[in-house]
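Comments concern the structure below.
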Amino acid sequence: MPWAIRSFMPSIKIVDLNNSEIKNSLKLAAQLMELHGENPFKTRSYVSAADVVGGLDAELSTLSTDEILAIDGIGKGMATNISGLLERGSFDNLDKYMEMTPAGVVEMLGISGFGPKKVAVLWQEGGAETLEQLMELCLQGKVASLKGFAEKSQETLKAAVAFLISNQYKEKYGNIDQAIANLVSAIDGLKEVQSCSESGQMRRRMEVIDLVEIVVAAEDLDALRTSLNALQVLSEEEKKSGPTTWYGRHVGIKAPLKLHLTSPDKFVQRLVETTGSVRHINMPIADQVTIKSSLIRPFESEEELYQSLGMKYIVPELREGLKEIEWAKNDQIPALIEMSDLKGILHNHSTYSDGKHTLRQMAEHCQQLGYEYLGISDHSQTAVYAGGLQDADVARQQEEIKQLNEELAPFKIFSGIESDILADGSLDYSEEILSSFDFIVASVHSGLNMDIKKATDRLLKAIYNPHTTILGHMTGRLLVQREGYPVDHKAIIEACAETGVVIEINASPYRLDMDWRWIDYALEKGVKLSINPDAHRMDGYQDMYYGLQVARKGGLTAKDNLNSMSLPEITAFFEQKKKKK
DNA sequence: GCCGTTTTCGGCCCGACTGTTTTCAGTCG
């Protein structure tokens, strides 16, 4: 899967836009131009400029105008657009088309499977200017009679619009964690503030956030509110605020923001109350006792509170109201995996397919970060769009891996492939080629709208293929953006238990797939997991952090995580798996 | 809008898939 993720609303930034934001803005402009029937070649130039920007090494914000003009695919006009984006977050042509297009129509462009041409029909023929109007049109059955549409696309559209409407005010954790960290430190820096911490879903490391919560302690709450409202990134919705809450928005973030204002002596109580899920704080601990019912006196620390209830301390990411209270009461909280437990990085791409950096760059960077090994798994031949490897490329890559391994020892590169799981569940190469790899990540990249039976059978066949080492991004979901294909999680996990296939926790903040809610069941069945970044560039390794957060939520420990194995251990693991064939 | 050029115009990328057609347009990776 290429790294490019469609994002249609350029986020509003106070600072310079980065390349991926510039890329998204150019892509959006291209879509709007196509929507309005602009010259297709002109439109294409925006698309290709966007692709070029996406593949750049250096951030555009660090380049001079001459350097930008020297980039292949960027001419005078595009350079002007880019400098507009860098200076004010937009450019004239984009502004022009945005003004001509209702906001709801712009959102429609985000529906997968429906491009500018189809959206133009929905808008101009169907008269839909908002998502709600489009839903109405679907419900009345009027979409099916529009040119180029029929019953089936009406149904698809209805589901997609419902998904979009339900995700309108949600954000991926990885999209906003930096901005929220900045906000917390800005609030913490206000002169009135004594303590400040994120809480709620953010602190629990939920993969999708629909409410950002922060607890702020100060003696003078009126003065605090005045200072908060002076922060440029915030805008209060006074009607929804209360005497001890500030409710409103952070610029550029779709999820609403709730600040809990409290006196310093009640800070810990407020933090515990707002961090845990409703289930967690109301879960019975003893007769008539819950965490919520215990928050009646001040505590020095959260540790003190949990201790006072005869429990071990529960880290925020576990406070979901699942098994954690039971664990804490019986001193059975798992030793959750930590960053330092990750010994190597599996499932990565290089320039052999659609990665941005060479095999050598990917390997050397991995080594510099202190890891013992790298598993490279470029796309397989069916993934033509991603430059998937033909047989000859596989041989060439394996030869280079051999040479690099001699040079970089004791660091080791494992030769793998991200083999497409074809529609019938088979893998993408001959037996001979499949046998030549150290490990194989099997993933679905096409035919994403199968029903649960077909999709599950397809995965099962891939799992029972003796060559499969790891099952990649199990459901194909893109958080807040695309629902995954439906699968029978239990059946898949049980098949992995039987075959020894490892289940990936795809660490990309766009995916975080398999969902952490299934980790417990996988562990119960004795299945190993692997936190894999699916990196398409060197800095993609950083996504391991996000995978780690959700892995901890699911209760994963180092001993059940594949890439926590040392180099000798994982070498033996791969060899063992190959022998079983 | 970009690029290259026998330099100021004329050409510009692809293969598979899907759902809609009745031979193909739109979308995507």
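Chain A is the first sequence line, chain B the second, and so forth, proteins listed ahead of strands; every chain is numbered from 1.
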Sugar-phosphate only, base, or nothing, as touched by A:Lys42 at under 4.0 Å among non-hydrogen atoms: base
Sugar-phosphate, base or nothing in reach of A:Ile71, heavy atoms under 4.0 Å: sugar-phosphate
A:Asp72 side-chain proximity, nearest of B:dC3, B:dT27, B:dT20: B:dC3
Selected nucleotide, minimal atom distance to A:Asn39 side chain, candidates B:dC28, B:dG1, B:dT27: B:dG1
Could you state the [atom1]-[atom2] distance from [X] to [N], rounded to the nearest angstrom?
X	N	atom1	atom2	value
A:Gln154	B:dT20	CD	P	10 Å
A:His445	B:dG29	NE2	P	11 Å
A:Lys147	B:dT21	NZ	C1'	10 Å
A:Glu34	B:dG1	CD	C1'	15 Å
A:Gln381	B:dG15	CD	P	16 Å
A:Arg44	B:dC3	CZ	P	15 Å
A:Leu146	B:dT20	CG	C1'	14 Å
A:Asp354	B:dG29	CG	C1'	9 Å

What I want to find out is whether [X] reaches [Y] closely enough, with some N-O distance under 4.0 Å, to be called a salt bridge.
X	Y	result
A:Lys158	A:Glu155	yes
A:Asp515	A:Arg511	no
A:Arg537	A:Asp539	yes
A:Lys454	A:Asp457	no
A:Lys42	A:Glu34	no

A:Ser153 vs A:Lys118, nearer the 5' end of DNA chain B by closest nucleotide: A:Ser153
Upstream residue (5' side of DNA chain B) when A:Tyr46 and A:Glu151 are each assigned their closest nucleotide: A:Tyr46
Geometric class of the A:His347/A:His349 ring pair [parallel <30°, tilted 30-60°, perpendicular >60°]: tilted
Side-chain N or O of A:Ser45 closer than 4.0 Å to phosphate OP1/OP2 of B:dC12: no
Contact under 4.0 Å: A:Lys152 side-chain N or O vs B:dG19 OP1/OP2: yes
Determine the interatomic distance between [atom1] on [N] and the same-named atom on [M]; round to the nearest Å.
N	M	atom1	answer
B:dC12	B:dT5	P	15 Å
B:dT8	B:dC13	C1'	25 Å
B:dT21	B:dT6	P	47 Å
B:dA25	B:dT20	C1'	9 Å
B:dC3	B:dC17	C1'	32 Å
B:dT23	B:dT18	P	22 Å
B:dG10	B:dC14	P	23 Å

B:dC12 pyrimidine/purine six-ring stacking with A:Phe41, under 5.5 Å and 30°: yes
Assigned partner base of B:dT8, Watson-Crick or wobble definition, under 3.5 Å: none
